[in-house]
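So the structure is just underneath, and the comments pick up after that.
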Amino acid sequence: MEKDIIYTIIKRLEEIPGIDEIVLKENSTSTHPLVDGIMQIRRKGYLRDWYVEVKWELTPAMLPRLLQRLQDVKPLLLMAGYITPNTKQLLQQENIAYADAAGNVFLADDQLLLLIETNRAERVYPAVNNRAFTKTGLKVVNLLLQHPEYVNEPYRFLAEKADTGLDTINKVYKALLKEKYILPLNSKEYKWNKREQLLVSWADGYTKTLKPKLQQRTFRPLEKGKDWKAYTLPPDTCWGGANAGDLLTNHLIADHWTVYTRQDYGALMKEMKWIPDPNGNIKVLEKFWEEKCEGSHVPPLIAYADLMEGDDPRYMETAKAIYEKYLQNIV
């Protein structure tokens, strides 16, 4: 929960030499309706209230919409369980304060300049027993994120679409309610809440929990120098990762290829003329969702998660472009 992140970060801030006192004030809509709270920092002759916005994670792709919504909130302090290196750099350039759970801090105004880089990456995420972030739970959340209108569909409909059982759907909904990702309108209907936070948590959960458990093999092309766009993919097979990033944005050269498929790997290898190679540049993964591929690429949400897996600046920039073009409308 957000309070877990806030209290973790306050503990880190209180360890900084020269910080005399930090007081977390309860925010009210009459003070500022757009933020999560107010934090007062006292240091020698310095005393100031900072408006606090809290996220599980901050990435470059999230910044444009977030900063546009909070453009009139000053002074603003962004808190997150984890802030990617590129995001910290962008926030410093924009002179926007931040603090994360690892103790990385940037505060700057007309009286104070504080920059601490711990070179640690301590992340705070939802509890591992949250059924929305298990292997099967992540498949259900993927479906709901891509189809927000499904939130009030019958459990049997969702179970069929996600290829899972009714019990899993029930447990996922209980988890989403517990973390307030959905809010009850009545005994049978819900409305979405914190979808942007859910999307970020899903992307991280996918790369750490679901993706490693998918069947996968690595290949290299028999025909050296062949352009990947010249291949015709078989049914129920689509490009992911950098390939999907290129197809979705025309902004990335894919040096490593990613393919998701329901095909037998042996048959795919013969048809595509690919050779098994543990050091090859083609990673083939099990296609875990039921719906057909959109053209020849994975859905934007999965492409975004693939590209956010590392800290490659080119991939991060493409992920940001995908978020702004395709995902902002679903959060």
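Only heavy atoms go into these numbers, but all of them, side chains included; no hydrogens, no water, no symmetry mates.
Counting only distance, with no hydrogens or angles, the side chain of Lys211 and the backbone of Lys213 share no donor-acceptor pair below 3.5 Å. No side-chain donor-acceptor contact under 3.5 Å links Tyr98 to the backbone of Leu58. At distances below 3.5 Å, at least one donor-acceptor pair connects side-chain atoms of Lys287 with backbone N or O atoms of Glu291. Side chain of Thr118 to main chain of Ala102: a donor-acceptor pair is present (N/O by atom type, distance under 3.5 Å, no hydrogens or angles). The backbone N or O of Pro148 sits less than 3.5 Å from a side-chain atom of Trp192, completing a donor-acceptor pair. A donor-acceptor pair is defined here as one N or O able to donate and one able to accept, closer than 3.5 Å; such a pair exists between the side chain of Asn193 and the backbone of Lys180. Side chain of Tyr265 to main chain of Gln215: a donor-acceptor pair is present (N/O by atom type, distance under 3.5 Å, no hydrogens or angles).
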For ring-ring contact (aromatic ring centres under 6.0 Å, His included), just list the numbers for Tyr155 and Tyr173, CA-CA rounded to whole Å, side-chain angles, deciding distance to a tenth of an Å, and then say yes or no.
-> CA-CA 10 Å; Tyr155 282 8; Tyr173 265 66; 5.1 Å; yes
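A pairwise comparison of heavy atoms in Lys208 and Asp204 identifies NZ-OD1, 2.9 Å as the closest pair.
Ion pairing between Glu117 and Lys88 holds under the 4.0 Å rule for side-chain N and carboxylate O. Under a 4.0 Å N-O distance rule, the pair Asp167/Arg131 does not qualify as a salt bridge. Salt bridge status for Lys283 with Asp306: absent, with no side-chain N to carboxylate O gap under 4.0 Å.
A tilted orientation is assigned to the rings of Trp202 and Phe288, their planes being inclined by 30° to 60°.
Residues Leu199 and Arg195 have side chains not in contact (no heavy-atom distance under 4.5 Å, counting atoms from C-beta outward). Between Pro64 and Lys320 there is a side-chain heavy-atom pair separated by less than 4.5 Å. Contact annotation: the side chain of Tyr304 never approaches that of Tyr206 to less than 4.5 Å [non-hydrogen atoms, C-beta and beyond]. The side-chain heavy atoms of Tyr51 and Leu77, taken from C-beta on, include no pair separated by under 4.5 Å.
Judged by the 6.0 Å and 45° rule, Lys194 forms a cation-pi pair with Tyr181.
Evaluation of the salt bridge (Lys or Arg N to Asp or Glu O under 4.0 Å) test over residues 259-274, restricted to residues two or more places apart or in two chains, returns Arg262-Glu290.
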Quiz: residues 218-230 side-chain donor-acceptor pairs under 3.5 angstrom, not counting sequence neighbours:
unit_1: Arg220; atom_1: NE; unit_2: Asp277; atom_2: OD2; d: 3.2
unit_1: Asp227; atom_1: OD1; unit_2: Lys229; atom_2: N; d: 3.0
unit_1: Lys229; atom_1: NZ; unit_2: Asp246; atom_2: OD2; d: 3.2

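For the atom pair CG of Leu107 and CZ of Arg48, the computed distance is 10.5 Å after rounding to the nearest 0.5 Å.
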